[in-house]
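The structure appears right after this line, and notes come after that.
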Amino acid sequence: MKTKTFELSLIGVVIATTIVFFAGAAAVWLMFGAAWTYGLDFGTGTRADWMAGVGTWAIGAGAIYYAHQTQLQREEEGRRARDRDRDARARRLDYMISKASLAKRQIKGFRALPEGLPEGGNTLETLAPKFRETKIAALEAAMNLVVWAAEDVATLRAADQARLENVLIAMIEVRQFMAWCRLEEFKGKVFFMAVEEALEKLTREATELEVCLLAEADRVMLE
């Protein structure tokens, strides 16, 4: 874009130089009475009339050139404003895509189990209460990182906002089952396994949102 700006400036300099050259040449010719007719009949007007005409022509040409340059400047400013807006939208989408990706990965961390657990307690369903408590605490800390700013959400299309709402609803369900796990002091397995089921739903909703946001990001960059 710098090359284009330079080309426009060079053209402007050429035009301005041409105007000044011809205006100056005409003024010298008229002031000193130079014979520069080349077979043309300029009539019987006074030298002052001709000088006034040349001055009017030079002013008009300068006004046209100035208007042209002003229009080019406005178009350039408009293009830069559009570029800034596009880049800002792309950054917002990238941020929301990263959050959707984080949301869909929660189930992987929840299902991961450390090695060396005692026999009979090395699955999610048979984990001891203390390990369940640790799982829930880690999941809650990770989910606290999955947040979307209201001003970013407002830039989404209605369909994508609806998909994001589905993700938020799924996250609420996960948190509700985690709260019930705490109420029973992690002793029962029903609510603990319900957390896994809610995470599966969250994964599906977050994956759909991520795919749509990636498509929107591609569309924005092509504008």
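- Looking at Lys104 and Glu205, their side chains never come closer than 4.5 Å, going by heavy atoms from C-beta outward.
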Where do Arg204 and Glu208 land on the salt bridge (Lys or Arg N to Asp or Glu O under 4.0 Å) test, with the steps shown first?
CA-CA 6 Å; Arg204 291 192 299 270; Glu208 182 179 354; over 6 Å; no
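- With hydrogens and angles left out, the side-chain atoms of Thr126 and Thr123 include a donor and acceptor closer than 3.5 Å.
- Residues Val147 and Leu164 fall within the same hydrophobic cluster, defined by Ile, Leu, Val, Met, Phe, Trp and Tyr side chains chained together at heavy-atom separations under 4.5 Å.
- Between the side chain of Arg86 and the backbone N or O of Val220, no donor-acceptor pair lies under 3.5 Å.
- Residues Phe131 and Lys135 are not in side-chain contact: their nearest non-hydrogen atoms beyond the backbone lie 4.5 Å or more apart.
- When every heavy atom of Ala217 is checked against every heavy atom of Ile97, the shortest pair comes out as CB-CD1, 4.2 Å.
- The CZ atom of Phe177 lies 7.5 Å from the CD atom of Glu197; values are rounded to the nearest 0.5 Å.
- With 3.5 Å as the limit, one finds a donor-acceptor pair spanning the side chains of Gln71 and Glu75.
- Side chains of Arg163 and Leu156 form no contact here, defined as non-hydrogen atoms less than 4.5 Å apart.
- Using a 4.5 Å heavy-atom cutoff, the side chains of Phe192 and Leu127 are in contact.
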Might you work through the side chain to side chain contact (heavy atoms under 4.5 Å, CB included) test for Glu185 and Glu133, ending with a clear yes or no?
CA-CA 8 Å; Glu185 298 179 347; Glu133 183 177 5; over 6 Å; no
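- Cluster annotation: Val211 is not connected to Leu213 through the hydrophobic network of ILVMFWY side chains, with a link wherever side-chain heavy atoms come within less than 4.5 Å.
- Taking every heavy atom of both residues into account, Ala100 and Ala206 meet most closely at O-CB, 3.5 Å.
- The CD1 atom of Ile136 lies 11.5 Å from the CZ atom of Arg175; values are rounded to the nearest 0.5 Å.
- Contact of the Trp148 side chain with the Leu168 side chain is registered, since non-hydrogen atoms from C-beta on lie closer than 4.5 Å.
- In this structure, Met193 is a member of the same hydrophobic cluster as Val195, with clusters built from ILVMFWY side-chain heavy atoms closer than 4.5 Å.
- Taken from CG in Leu209 to OG in Ser101, the straight-line distance is 11.0 Å, to the nearest 0.5 Å.
- In terms of modelled atom types and a separation under 3.5 Å, the side chain of Lys201 and the main chain of Val167 share no donor-acceptor contact.
- Taking both residues in full, the closest heavy atoms of Val153 and Gln161 are given as O-NE2, 3.2 Å, listed atom of the first, atom of the second, then distance.
- Closest approach of Ala142 to Gln106, counting heavy atoms only: CB-OE1, 3.1 Å.
- Shown here is Arg219, whose CZ atom has more than 12 heavy atoms of other residues, nucleotides or ligands within 6.0 Å.
- A heavy-atom distance below 4.5 Å is found between the side chains of Leu124 and Phe110.
- Annotation: the span from Lys99 atom NZ to Leu145 atom CG amounts to 6.0 Å, rounded to 0.5 Å.
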From CA spacing to verdict: side chain to side chain contact (heavy atoms under 4.5 Å, CB included), Thr70, Arg74:
CA-CA 6 Å; Thr70 300; Arg74 289 176 180 172; 3.7 Å; yes
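- The CG atom of Leu139 sits 4.5 Å away from atom CE of Met178, with the distance rounded to the nearest 0.5 Å.
- With a 4.5 Å cut-off on side-chain heavy atoms, Arg111 and Ile107 count as touching.
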Output, in order, the C-alpha distance, side-chain angles, deciding distance and verdict of salt bridge (Lys or Arg N to Asp or Glu O under 4.0 Å) for Asp83 and Arg79.
CA-CA 6 Å; Asp83 287 346; Arg79 184 196 62 78; 2.5 Å; yes
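- Cluster annotation: Leu113 is connected to Phe186 through the hydrophobic network of ILVMFWY side chains, with a link wherever side-chain heavy atoms come within less than 4.5 Å.
- Between the side chain of Asp85 and the backbone N or O of Ala81, no donor-acceptor pair lies under 3.5 Å.
- Here the CG atom belonging to Asp152 is positioned 11.0 Å from the CG atom belonging to Asp94, to the nearest 0.5 angstrom.
- Put simply, the side chain of Met171 reaches to within 4.5 Å of the side chain of Val146, judged on heavy atoms.
- No continuous path of ILVMFWY side-chain contacts below 4.5 Å connects Met221 to Leu214, so the two sit in separate hydrophobic clusters.
- Here the side chain of Thr203 pairs a donor or acceptor atom with the backbone of Leu199 at under 3.5 angstrom.
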